[in-house]
Amino acid sequence: MFKHFINGEFVPSTSGRTFDNINPVTGELVGKVAEGGEEEVDRAVAAAQRALEGPWGTMPRLERLDLLEKVAEGIEARFDDFLAAEIADTGKPKRFASKVDIPRGAANLKFFANLARNLESQSYTMDTSDGGKALSYVLREPVGVVGVISPWNLPLLLLTWKLGPALAMGNTVVVKPSEETPGTATLLGEVFDEVGVPPGVYNVVNGLGPNSAGEAITRHPGISAITFTGESRTGQIIQKASAESLKSLSFELGGKNPALIFADCDFDAAVAGTTRSVFANCGQVCLCSERVYVERPIFDDFVAALKEKAEDLKMGDPFDEATGFGPLISEEHRQKVLSYYELAREEGATVVTGGGIPELDAPYSNGFYVEPTIWTGLADDARCMREEVFGPVCHIRPFDTDDEAIALANDSDYGLAAAIWTQNLERAHKVAARVETGMVWLNTWFLRDLRTPFGGVKLSGVGREGGMHSLDFYSELKTVCTKL
Ligand SMILES: NC(=O)c1ccc[n+]([C@@H]2O[C@H](COP(=O)([O-])OP(=O)(O)OC[C@H]3O[C@@H](n4cnc5c(N)ncnc54)[C@H](O)[C@@H]3O)[C@@H](O)[C@H]2O)c1
Ligand SMILES: O=C/C=C/C=C(\O)C(=O)O
């Protein structure tokens with residue numbers, strides 16, 4: 001059973017309630033998961049507060065950062081265990097998880113430990129009206145207990161992306177991993193324990209969202225800040241629930257990301273890059289392109305080339321190096337994605353490829369697979385053009401001018417990430433400046449320098465994490481002023 005990790009111990013729920021964790025590759029049970037609620041969150045917050053006041057709060061800064069680095073080394077030392085847990089929960093191919101999820105899990109912790117080691121601090125002197133001087137300096141202090149609510153698509157990566165800076169700045173955390181993916185967050189409890197992080201610093205309460213552990217975190221008065229990655233709609237609910245206790249919030253939310261492919265692009269690179277940006281992780285990355293706009297002269301060739309790539313994706317044993325395409329996270333999510341496949345037909349799409357469930361042999365026939373899918377011919381105001389599907393699907397539409405491409409890209413309630421493919425430097429930078437998203441990739445996708453701001457505009461997020469932006473969110477600045 002996947003238990004909670006509270007105050008350094010693995011414990012079941014007091015209520016005895018559990019839910020099932022299902023393997024998306026086969027539909028089989030991975031294990032039961034303890035369902036926590038208010039009581040478990042209460043205990044976790046109390047433990048986190050004690051650790052703040054006690055061993056973690058009083059530990060020398062560099063010792064704390066060394067411990068964080070040891071946790072990263074602990075992930076590396078148990079790489080195969082983390083890989084197996086991530087694959088059991090998500091079904092994602094080893095080829096992807098071993099290059100992205102697990103290495104980034106360790107890298108996130110190392111990166112923020114290092115960044116925090118070398119922090120500068122601000123100080124100012126000024127002249128005062130009586131002819132004297134004053135000195136002001138700024139102290140950086142922990143925020144307190146941070147609630148971390150994370151999604152299922154990149155479980156360890158997105159959890160550590162928040163844990164790294166939160167712990168580096170001296171906070172303690174209460175984590176609620178997605179109910180679909182309790183594995184790596186729970187395993188991480190063992191690593192924290194093994195390397196000697198004091199009890200109560202890292203707490204995991206497993207559970208669901210509404211009326212469960214997730215909501216309990218958002219309402220708990222002992223939690224000072226919440227960092228959340230997930231759906232925009234959930235972000236709205238969390239913002240309301242946490243208003244009562246005025247928590248600081250950092251939200252990384254959904255996307256309906258555009259890719260702009262200009263006729264002067266490196267065609268093969270654009271096709272390969274867009275294959276990744278549409279179908280990686282079965283389209284379940286917030287940064288995935290769901291709206292692809294292609295300049296008219298290369299439209300037909302591009303559609304044909306992407307179709308060929310989509311039909312080439314290989315499904316099957318996630319541990320097989322040849323497997324490049326996994327299942328969706330759950331049967332429920334598959335129903336959602338299939339409902340969009342159906343809606344697209346009703347809305348008049350031409351289905352270039354896919355649009356259904358693939359024919360696979362057992363045990364994969366019991367998994368939550370859908371076909372990689374490409375649509376053309378939808379109107380710009382079709383629901384399938386405006387709502388995030390979060391599956392392996394894109395719509396491709398032609399455009400004629402730069403202005404039109406930019407207007408189409410910006411015609412969205414979301415604004416997370418854009419990918420632009422052109423060999424014209426001037427065009428690349430001009431278009432990048434006019435696209436309304438938090439991030440723009442030029443002739444690449446999902447290449448991440450952890451020092452850069454990460455986040456979205458419009459419905460795609462509130463605030464930025466990454467580099468100093470993370471350290472700022474996870475710390476309180478205190479100004480001390482004295483007359484000299
Ligand atoms: N912008 C980003 O960086 C980013 C990254 C990854 C995923 N996402 C988005 O996440 C979504 C997919 O993830 P998901 O389906 O797990 O999202 P989700 O919003 O359904 O769930 C995310 C987390 O919130 C919890 N939750 C749900 N309702 C809650 C409530 N009322 N109170 C407190 N917690 C609650 C869930 O249990 C889960 O742990 C997509 O929309 C995707 O675009 C965004
Ligand atoms: O699904 C969303 C991906 C988010 C990625 C990151 O937050 C990151 O790369 O740091």
Side-chain angles (χ1 to χ4, degrees), residues 19 33 35-36 41 89-90 100-101 103-105 107-108 111-112 147-162 164-165 175-182 185 204-220 223 226-242 249-257 277 280-281 283-288 290 328-330 332-333 336 387-391 414-417 437-439 445-467 469-470:
F19 57 92
V33 189
E35 184 188 348
V41 170
D89 281 358
T90 62
V100 179
D101 298 74
R104 263 295 297 283
N108 285 338
F111 169 77
F112 284 109
V148 178
I149 303 178
S150 50
W152 45 256
N153 61 331
L154 301 163
L156 183 69
L157 186 160
L158 288 169
L159 172 61
T160 49
W161 177 239
K162 297 165 179 306
V175 169
K176 204 222 53 85
S178 167
E179 51 274 37
E180 308 286 357
T181 53
V204 180
V205 180
N206 280 305
L208 313 177
N211 303 311
S212 184
E215 185 174 341
I217 287 175
T218 64
R219 296 194 184 280
H220 202 291
I223 290 181
I226 291 185
T227 174
F228 167 75
T229 296
E231 287 185 25
S232 302
R233 178 82 200 107
T234 312
Q236 290 165 336
I237 295 168
I238 292 177
Q239 198 163 39
K240 277 195 195 129
S242 58
L249 301 173
S250 174
F251 285 173
E252 298 186 341
L253 306 175
K256 185 76 182 174
N257 306 302
S277 79
N281 208 36
Q284 303 167 118
V285 180
C286 57
L287 309 161
C288 275
E290 290 195 9
L328 293 168
I329 189 69
S330 64
E332 188 189 346
H333 190 49
K336 177 182 157 186
E387 297 173 16
E388 182 188 47
V389 179
F390 218 56
Y414 292 99
L416 190 58
T437 57
M439 290 155 299
W445 179 74
F446 205 3
L447 186 57
R448 296 275 295 108
D449 185 321
L450 305 188
R451 293 168 296 189
T452 58
F454 184 96
V457 300
K458 303 184 192 171
L459 289 188
S460 290
V462 175
R464 293 287 181 279
E465 297 196 28
H469 302 273
S470 296

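Everything numeric in this text was worked out from a predicted model, so none of it was measured. Ligands are counted one by one from 1 in listed order, and the atoms in each one are counted from 1 as well.
Ile226 CD1 to His220 NE2: the interatomic distance, rounded to the nearest 0.5 Å, is 11.0 Å.
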Check: every ligand 1 N/O to protein N/O pair under 3.5 Å:
{"unit_1": "ligand 1", "atom_1": "1 (N)", "unit_2": "Leu253", "atom_2": "N", "d": "3.1"}
{"unit_1": "ligand 1", "atom_1": "1 (N)", "unit_2": "Leu253", "atom_2": "O", "d": "2.6"}
{"unit_1": "ligand 1", "atom_1": "3 (O)", "unit_2": "Glu252", "atom_2": "OE1", "d": "3.4"}
{"unit_1": "ligand 1", "atom_1": "10 (O)", "unit_2": "Gly230", "atom_2": "O", "d": "3.4"}
{"unit_1": "ligand 1", "atom_1": "15 (O)", "unit_2": "Trp152", "atom_2": "NE1", "d": "2.9"}
{"unit_1": "ligand 1", "atom_1": "16 (O)", "unit_2": "Trp152", "atom_2": "NE1", "d": "3.1"}
{"unit_1": "ligand 1", "atom_1": "17 (O)", "unit_2": "Glu231", "atom_2": "N", "d": "3.4"}
{"unit_1": "ligand 1", "atom_1": "19 (O)", "unit_2": "Glu231", "atom_2": "N", "d": "2.9"}
{"unit_1": "ligand 1", "atom_1": "19 (O)", "unit_2": "Thr234", "atom_2": "OG1", "d": "2.6"}
{"unit_1": "ligand 1", "atom_1": "37 (O)", "unit_2": "Lys176", "atom_2": "NZ", "d": "2.9"}
{"unit_1": "ligand 1", "atom_1": "37 (O)", "unit_2": "Glu179", "atom_2": "OE1", "d": "2.6"}
{"unit_1": "ligand 1", "atom_1": "39 (O)", "unit_2": "Ser150", "atom_2": "O", "d": "2.8"}
{"unit_1": "ligand 1", "atom_1": "39 (O)", "unit_2": "Lys176", "atom_2": "NZ", "d": "3.1"}
{"unit_1": "ligand 1", "atom_1": "41 (O)", "unit_2": "Glu388", "atom_2": "OE1", "d": "2.6"}
{"unit_1": "ligand 1", "atom_1": "43 (O)", "unit_2": "Glu388", "atom_2": "OE2", "d": "2.5"}

Quick check for students: name every N or O atom pair between ligand 2 and the protein closer than 3.5 Å, with distances.
{"unit_1": "ligand 2", "atom_1": "1 (O)", "unit_2": "Asn153", "atom_2": "ND2", "d": "2.8"}
{"unit_1": "ligand 2", "atom_1": "1 (O)", "unit_2": "Cys286", "atom_2": "N", "d": "2.8"}
{"unit_1": "ligand 2", "atom_1": "9 (O)", "unit_2": "Arg104", "atom_2": "NH1", "d": "2.8"}
{"unit_1": "ligand 2", "atom_1": "9 (O)", "unit_2": "Arg104", "atom_2": "NH2", "d": "3.4"}
{"unit_1": "ligand 2", "atom_1": "9 (O)", "unit_2": "Arg448", "atom_2": "NE", "d": "2.7"}
{"unit_1": "ligand 2", "atom_1": "10 (O)", "unit_2": "Arg104", "atom_2": "NH2", "d": "2.6"}
{"unit_1": "ligand 2", "atom_1": "10 (O)", "unit_2": "Arg448", "atom_2": "NE", "d": "3.3"}
{"unit_1": "ligand 2", "atom_1": "10 (O)", "unit_2": "Arg448", "atom_2": "NH2", "d": "2.7"}

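You'll find the side chain of Asn153 stays beyond 4.5 Å of the side chain of Ile329, heavy atoms only. No side-chain heavy atom of Trp152 sits less than 4.5 Å from a side-chain heavy atom of Asp89. Considering only heavy atoms from C-beta on, Leu253 stays 4.5 Å or farther from Leu459 through its side chain. Gln284 has its side chain out of reach of Leu154: every pair of non-hydrogen atoms, C-beta onward, lies at least 4.5 Å apart.
By the salt bridge (charged side-chain N to carboxylate O under 4.0 Å, His left out) test, Arg233 pairs with no residue at all, sequence neighbours left out. Remark: Tyr414 engages no residue in a ring-ring contact (aromatic ring centres under 6.0 Å, His included) (not counting sequence neighbours).
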>> For a side-chain hydrogen bond (donor to acceptor under 3.5 Å, both in side chains) check, start with the C-alpha distance between Lys162 and Ser250, then their side-chain angles and the critical distance, and finish with the verdict.
In response: CA-CA 10 Å; Lys162 297 165 179 306; Ser250 174; 5.3 Å; no
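Considering Leu159, Thr218, Thr227 in turn, Thr218 is the only one that fulfils the side-chain contact (heavy atoms from CB on, under 4.5 Å) rule with Ile149.
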